[in-house]
Structure formats: structure tokens, C-alpha cells
There are 2 protein chains.
Amino acid sequence: MARRHLTPQDWSTAALRAMARGGVAAVSVNALAGELEATRGSFYWHFKDRDALLKAALEAWERDDTTALIEELGDITDPRQRLTALFTIALGQEDINGLEPAIVAHADHPAVAPVLRRVTERRIAYLTDLYTDLGLAPASARRQAVATYAAFLGWLELRRSARDIVPEVAATGAIATAALEHLITGLARPSMHQAEPEQSAPPSPMAAPAREPETGQH
Amino acid sequence: MARRHLTPQDWSTAALRAMARGGVAAVSVNALAGELEATRGSFYWHFKDRDALLKAALEAWERDDTTALIEELGDITDPRQRLTALFTIALGQEDINGLEPAIVAHADHPAVAPVLRRVTERRIAYLTDLYTDLGLAPASARRQAVATYAAFLGWLELRRSARDIVPEVAATGAIATAALEHLITGLARPSMHQAEPEQSAPPSPMAAPAREPETGQH
DNA sequence: GAACGACCATACAGTACTGTACGGACATGG
DNA sequence: CCATGTCCGTACAGTACTGTATGGTCGTTC
């Protein structure tokens, strides 16, 4: 209220929120104008058309949730700490709940496809490098990165669609990180199927949260 | 062509295909009629309205991809074999690629929510029972089930959106099962995921509102 | 062979959205 | 004071979809 002028960012984030709820089709200029308490006249001042809004919104998502995140992690030298920090941030309270599942679900949309492709490539490449830095052989690092990223995506899906059924996924920060660490440690181990020459990742525990969350009653 | 009469099933599967491509909004009677080379007159003979189609299609999905699957697995007595069979079927060639991500992405839709809730509950409960049969303690079985299901969902997401970037996810049958077995075997070892407290404080304390409901409902 | 019911095509109003045209408010600076 | 640029509201055509009404086309049945 009492907000005199809308910025393109306002429309952009509103578009992402709408997309998280109802997919690309829910990003309607009409609906967003109503939500922002403005009219379509304002929108068409800031954007050429609806496609331009979609493009801008998705590129903002790419910038905030991938590019900026990776840059932020560049300061940390220890790969182990970097991994933990990555998960802590990525599994932290989402800015917009359900956005990633919505974007993936519309992977074929012309406005989504190129951005999603860049994001997926970059994230998996980053994860692969990270596991390589942790001492895994290239093939293992790659496999590990894919599996970890799949688990992460599924985690977000459950958080979006089954928060009440699977309350575990609502956890943020260290607790959520600890939960997914299981996946990581499990996968980091060379399997019996394809034994690979590598000094197996230390079975030492991953960084644990301050309070152990679940080592209690069984 | 040369197909004289359309059945409700024809409309139903066409609806699921459309949903897999473009979400709920893509399920338009107009578009489906064009795809089936019919007119909307035919549709409104078989269905009361569009909502009835959505409901029928989603219930068919529930029946085919959850209820029937679990029944099919009932024959197998050995839990280990049952788990492998489950993954082999679930990761097999999808009938409709990208359907699950699309459904999850519209979890709030009134036609989707109840079905998705039932499916998620049932699948996780089945997985939990299965891991319990494999000898895991209740809390571990539950945690294992959630992690496995998350990895499965993410796997499907990657298969939908990143087949070219991550060709691993295109694998079906035994190969895909072997890939995900890493998750299973890694996690199934009870001795491995013992997390001892470490000094490394998490970068951001992060309010952790979610209690650990680990004791499970039994 | 006529009547009936299942199935489908066509035509119509109603709705929600997009994009554009245009005009108004409002501040700033010469 | 008014001139200009920024930002927004309103009005209008165009499009795509839904739901209904209505009539047509078959095969079946007695």
C-alpha cells in the first residue's frame, strides 16, 4: 500500500509466485495486476508483452538461485564445508515455495527450456566439480552429483506437495542438510556392481548439526 | 482413423498426455478434441464437464500407477525381490513421460490435491512397510522410505527435463534400478549413518521449527 | 422398417485473457 | 507556467476456451 510506483521486479516476483502456484498458465497479466493492485496499463509500460515478463522472471530465478548462489560459495575453500553450506542454503526456507517443481514441469515451454537447461547444466557441473574436489574419481563424482541433485529435486517436490504427509521435508537449514546427507554418504560408497578404484570417501560422518536430530530412540 | 467410437478412456489418457506436456491448463477440451480428431460434442457426451475429465483422468492415474502396481507386487514374498521389482517397474519406460512432475506441480488444484495426497500417502506407507520387512527399525524405515521416494521423484523430474544433459536418467529396467540401488544399499546399512556431533557450526543457525517426527506412527 | 438410443457435429452465447490506443495524473526543470 | 517524461487507468478489438442446445448419423431391436 501507499506504494506509488511498481518496478519490473515487482511484476517479476509476482510472476514467479503465480508460476509456483499454477504453472506458466497462471502467469496472467490480469491476475498479477489484481494481486499488485494495479492495472494492465502499468504492466505494458514495463514489459513489451507477457513473454517478456516470463523471460525476465525466469532469468531472475536463474540469477538468484543459481548464479548468485554459486558465487556466494566461492569464498569457502574447504570443499567439505562448501558442500554443507550449499545444502544449507539450497534447503533453507524457500523464497517461493514450489517454484522449482513448477518450472521443471513446464520444461518444454519455449520461455522455460533455455533457462532450465542452463541451470541444470550448471548445477550438475558444479556438484560434479565439488565431489571431484572431495576426492572422488570422475565417474563417481558425476554419478554422485546426479543422484544428489535428483534427491534434492524430489525433496523440493515433497516439500511442495506433501508437507503434511511428510513433515520431514519442511525442515530447513542444518536439519534438512543432515537428512539429505544420508543420501550422499550412501551414494558416495562404491557399490558391488561396479567396483571402481578409488580411496573410498571417508566413512567419517558428514558435518552434523549442533544437536543430533535423530540418534535417539529407535 | 477408422475408429468409430471414442471411449471415456480415450479422453482420459489424452488428458493425461496433455497434462504431462503443459500442466492442468493444457487439458482443454478443444485441444483434446483436435488431437483425437473429434469435436467437443463427443466429449460432452461422455463427460459432464472438464472437471469430470480431470477427476477421471487423475483417478485412472492413481489406479494404474499406484493401486495396480502395489497389487502386482503382492505376489512376491521375498521383500528384497519385491523392492527390486518395484523399482524395475517404477523406473521402467514411462507410459506418459513427465506426468508425475506435472501432477505434483499442480498439487493445490482442487482436482489434483485429494488424489495426489492418497497416492503419496500410500506409496510412502508401502515403502516404509517394505523397508520394515527388510529388517529396518521403524524410524529408519520411515526415513529410508522418504529419502528413496524423494530420489525417485527427482529422477523422474530429471528424466522429464534433462534427458539430454543427464542421459543416465533415461535408463530403464535393471540398469535404472541398479543406479538407484546405490541409494538403497547405502542407506540400508544401519552402521553407516551414525552422525556424531561435530564442532563445525552450521553457517546459518536457521530457525528449525519442524520437530523430528521420527518416532513414527505405529 | 420404424422406433429408439448411443454417439457425434455444428452453432451459439458467455467468459477470461491478450495487446493496443489513448488519455490523465504527477513530478521535475527551464 | 508550461513542457516534458514517467507511470498508470480505461476502453476497445481480437482470440481461445467453456458449456449448452440442437440436429444428424448410425446400429440395434422388435
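Each chain gets a letter, A, B and so on, in the order the sequences are listed, and its residues count up from 1.
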Using a cut-off of under 3.5 Å, enumerate the N/O to N/O pairs linking the protein to nucleotides 12-19 of chain D.
residue: dT18(D); atom: OP1; partner: Val29(B); partner atom: N; Å: 2.9
residue: dT18(D); atom: OP2; partner: Val29(B); partner atom: N; Å: 3.1
residue: dT18(D); atom: OP2; partner: Asn30(B); partner atom: N; Å: 3.0
residue: dG19(D); atom: OP2; partner: Tyr44(B); partner atom: OH; Å: 2.8
residue: dG19(D); atom: OP2; partner: Arg50(B); partner atom: N; Å: 3.1
residue: dG19(D); atom: N7; partner: Arg40(B); partner atom: NH2; Å: 3.3
residue: dG19(D); atom: O6; partner: Arg40(B); partner atom: NH2; Å: 2.2

Taking only side-chain nitrogens and oxygens of [X], does any of them come within less than 4.0 Å of OP1 or OP2 of [N]?
{"X": "His5(A)", "N": "dC8(D)", "result": "yes"}
{"X": "His46(A)", "N": "dC7(D)", "result": "no"}
{"X": "Trp45(A)", "N": "dC8(D)", "result": "no"}

Rounding to an integer number of Å, can you tell me how far [X] [atom1] sits from [N] [atom2]?
{"X": "Phe47(A)", "N": "dC7(D)", "atom1": "CZ", "atom2": "P", "result": "12 Å"}
{"X": "Leu6(B)", "N": "dC26(D)", "atom1": "CG", "atom2": "C1'", "result": "15 Å"}
{"X": "Asp10(A)", "N": "dC8(D)", "atom1": "CG", "atom2": "C1'", "result": "14 Å"}

Which side-chain N or O atoms in residues 16-27 of chain B pair as donor and acceptor under 3.5 Å with protein atoms at least two apart or in another chain?
residue: Arg17(B); atom: NE; partner: Glu35(B); partner atom: OE2; Å: 3.3
residue: Arg17(B); atom: NH2; partner: Glu35(B); partner atom: OE2; Å: 2.8

Atom pairs, N/O to N/O, protein against nucleotides 21-25 of chain C, distance under 3.5 Å?
none

Looking at Arg117(B), is its backbone amide N or carbonyl O close enough to the side chain of Thr120(B) to form a donor-acceptor pair, meaning the two atoms are under 3.5 Å apart?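 Not a single qualifying donor-acceptor pair exists.
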* To do: Verify whether one side chain among Tyr126(B) and Thr66(B) offers a donor that lies under 3.5 Å from an acceptor in the other.
  =>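 Thr66(B) and Tyr126(B) do not have a side-chain donor-acceptor pair below 3.5 Å.
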- Any side-chain donor-acceptor pair under 3.5 Å between Arg122(A) and Thr67(A)?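 Short answer, yes.
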salt_bridge(Glu94(A), Arg159(A)) N-O dist < 4.0 Å
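Looking at Glu94(A) and Arg159(A), the cut-off is met.
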To the nearest 0.5 angstrom, please state how far the CG atom of Asp129(B) sits from the CG atom of Leu134(B).
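Asp129(B) CG to Leu134(B) CG: 11.0 Å, rounded to 0.5 Å.
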Note to self: Can you confirm if the aromatic rings of Phe43(B) and Trp11(B) lie within a centre distance of less than 6.0 Å?
What the structure shows: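 Yes - the distance between ring centres of Trp11(B) and Phe43(B) falls below the 6.0 Å cut-off.
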Review point. Under 4.5 Å between any side-chain heavy atoms of Arg40(B) and Asn30(B), yes or no?
Key: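 Yes; the side chains approach each other to less than 4.5 Å.
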